Number of protein chains: 2
Amino acid sequence: MVKHFSAPYDRSMSRHDEIRQEMLRRINDGEWPVGSDIPHEMVLTEEFGAARGTVRRALSTLVEQGLIERRKRAGSRVVGQTSQTSKLHIPLIREEIESRGHAYSYRLLEREVKPGLHGIGTRNGLLWVRCLHLADGAPFQLEHRTINLDTLPQAAEQPFRVTGPNEWLVREVPATRVITRISAAAAEAEIAEILAVPEHAPLLIVSRETFMGEAHLTEARLSHPAEQYQVTTLSI
Amino acid sequence: MVKHFSAPYDRSMSRHDEIRQEMLRRINDGEWPVGSDIPHEMVLTEEFGAARGTVRRALSTLVEQGLIERRKRAGSRVVGQTSQTSKLHIPLIREEIESRGHAYSYRLLEREVKPGLHGIGTRNGLLWVRCLHLADGAPFQLEHRTINLDTLPQAAEQPFRVTGPNEWLVREVPATRVITRISAAAAEAEIAEILAVPEHAPLLIVSRETFMGEAHLTEARLSHPAEQYQVTTLSI
DNA sequence: TAGTGGTCTAGACCACGTA
DNA sequence: ACGTGGTCTAGACCACTAG
């Protein structure tokens, strides 16, 4: 006799979420231990009394979460924490500061057009901007930014005197690919002075490169005093 | 007359990927500018000559990428870089070191059972481990780890003498939720000595808390000399 | 309140990789 | 070789929300 699963009545959850929850429970309770094969799609389809697409959607989410892996012809199996990935979300710096209850302010430090480098911005050059983002008047983030004037010629007309490049980019420019690098470094003398920290103080540095398709759009190097800032990510 | 889109013949890409590529092109070329509404599902379905589910799959991927947002009854629209999220993948430290072509080695520094804290591990206590991961014999990562013995009592039997806790966790324990925090700090005297860096040298610190459902499993604080390590994320 | 996106079903065909 | 997962179709109903 086939054992049918039925979730406790709850319309706040879609069917594929209910099924995924039940699958999570089985993994959690050791009914589906790490390394073991889980039943085939058709078996699950029958057991849950749902369409194959719905079961597949639940399974796909578990794959995204890195809890199971699927191999054609060989079924699916539970995996350990190996492939755990998290979602990193870096908000607009103004939103970040305001969400902490501080007053945001902005200061443009430098702005000039430089010749292109390494095949980037070789026609129109690169717009180079250095600016400071402050929380309650205290330096919070130092931004070094270059904008590719070949792919974003409109940027040349932006003064960036009262709002930073990021505000403009968010409003105007979509991106298909972002590379983010997070590192630590000791503050050099000039940067330390701007950020009002002692020389050699630890900094958390976030570097982002943004592309639309293959076209390089912009690059930012964001330096923060280590005490004031950390990056947080949540699982999928 | 309805204009039909047909992609260049390419069987290496699934239909929903082809459709998504074409949508990306339209966003890139400004046919669908930032802030504008894009055609409704049924219109796209007809234009691409695909089933609604296929078009929806392409759109869903764009939502994941943070390029469009969808509102019921009001259609979908292109958004800027606001909600760009990236995928953060932190591999096993051994794999990280070996992928750089270095020899991995491990050293257990400390291991003891401590009483629980804040409702975590209050029955069986917490297993507390401090260990070092080395690349070509040089300190690469200092790991402070606590394992909740209420939820993972099997950990008490693990000596962690020749392999680290992470190797065991990966093999045995699945997780549904991971919180990762990345920060910078100056090396305190004791840590500086272990990592063979000068006191107050900058460190990149990765902290991870892992859960299965609501149950707290383990927590790790991973300290790296800033020169040797950075975290990289790619867009979805 | 009407129309949009969100979900689900039942079916089909196909490519791929493991046994 | 063949059974698995991957993809796609055509249809239906529903919930939410903007107008």
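These numbers come from the heavy atoms of this one structure, side chains and all, not from hydrogens, waters or symmetry mates. A quick note: this is a predicted structure, and the numbers were derived from the prediction, not measured. Each chain gets a letter, A, B and so on, in the order the sequences are listed, and its residues count up from 1.
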Which of parallel (below 30°), tilted (30 to 60°) and perpendicular (above 60°) describes Tyr106(B) and His133(B)?
-> tilted

Taking the side chain of Lys72(B) as its heavy atoms from C-beta onward, which of dG5(D), dC16(D), dT7(C) lies nearest to it?
-> dC16(D)

Between the side chain of Asp136(A) and the main-chain N/O of Ala103(A), is any donor-acceptor distance below 3.5 Å?
-> yes

For dT4(D), does OP1 or OP2 lie under 4.0 Å from any side-chain N or O of Arg70(A)?
-> no

Salt bridge flag under 4.0 Å for residues Arg26(A) and Glu22(A) | yes

Please tell me which of the listed nucleotides, dG6(D), dT4(C), dT9(C), lies nearest to the side chain of Thr54(A)?
-> dT9(C)

Between atom CD in Glu41(B) and atom C1' in dT7(C), what is the gap in whole Å?
-> 11 Å

Whole-Å distance, Arg20(A) CZ to dT7(C) P, equals 12 Å

More than 12 heavy atoms of other residues, nucleotides or ligands under 6.0 Å from CZ of Arg107(B): is that the case?
-> no

Check the distance between dG5(D)'s C1' and Leu59(A)'s CG and give it to me in whole angstrom.
-> 10 Å

Using heavy atoms to find the nearest nucleotide of DNA chain C for Val55(A) and Pro39(B) separately, return the residue whose nucleotide is more 5′.
-> Pro39(B)

Rounded to whole angstroms, how far apart are CD1 on Ile19(A) and C1' on dT9(C)?
-> 12 Å

Can you tell me the distance, in whole Å, between the CG atom of Asp37(A) and the C1' atom of dT18(C)?
-> 12 Å

Determine, step by step, whether Glu219(B) and Leu126(B) satisfy the side chain to side chain contact (heavy atoms under 4.5 Å, CB included) criterion, reporting the C-alpha distance in whole Å, the side-chain angles of both residues, the deciding distance to 0.1 Å, and the verdict.
-> CA-CA 10 Å; Glu219(B) 188 171 344; Leu126(B) 297 170; over 6 Å; no

Residue whose nearest DNA chain C nucleotide is more 5′ - Arg71(A) or Gly53(A) | Gly53(A)

Looking at the side chain of Ala74(A), which of dC8(C), dA19(C), dG5(D) is the nearest nucleotide?
-> dA19(C)

Could you check how far CD1 of Ile38(A) sits from P of dT4(D), rounded to whole Å?
-> 13 Å

In whole angstroms, how far is the P atom of dT9(C) from the CZ atom of Arg56(A)?
-> 14 Å

When the distance from CZ of Arg52(A) to P of dC8(D) is rounded to whole Å, what number comes out?
-> 13 Å

Within the modelled atom types, does a donor on one side and an acceptor on the other bring the side chain of Arg73(A) and the base of dC2(D) under 3.5 Å apart?
-> yes

Pair Arg171(A) + Glu167(A): basic N to acidic O under 4.0 Å = no

Using a cut-off of strictly less than 4.0 Å, decide whether His16(B) has a side-chain nitrogen or oxygen near OP1 or OP2 of dC8(D).
-> yes

Shortest side-chain distance from Ser14(B), nucleotide among dG5(C), dG17(C), dC8(D) | dC8(D)

What stems, by residue range, does DNA chain D take part in, given at least 3 consecutive Watson-Crick or G-U pairs under 3.5 Å?
-> C:1-18 with D:1-18

Compile the donor-acceptor pairs under 3.5 Å between side chains in residues 144-155 of chain A and protein atoms, sequence neighbours left out, one pair per line.
| from | atom 1 | to | atom 2 | distance (Å) |
| --- | --- | --- | --- | --- |
| Arg145(A) | NE | Glu143(A) | OE2 | 2.6 |
| Arg145(A) | NH1 | Thr218(A) | OG1 | 3.0 |
| Arg145(A) | NH2 | Glu143(A) | OE2 | 3.2 |
| Asn148(A) | OD1 | Gly121(A) | N | 3.4 |
| Asn148(A) | OD1 | Asp150(A) | N | 2.9 |
| Asn148(A) | ND2 | His216(A) | O | 2.9 |
| Asp150(A) | OD1 | Arg123(A) | N | 3.4 |
| Asp150(A) | OD1 | Asn124(A) | N | 2.7 |
| Asp150(A) | OD2 | Thr122(A) | N | 3.1 |
| Asp150(A) | OD2 | Arg123(A) | N | 3.2 |
| Thr151(A) | OG1 | Asn148(A) | O | 3.3 |
| Thr151(A) | OG1 | His216(A) | O | 2.9 |

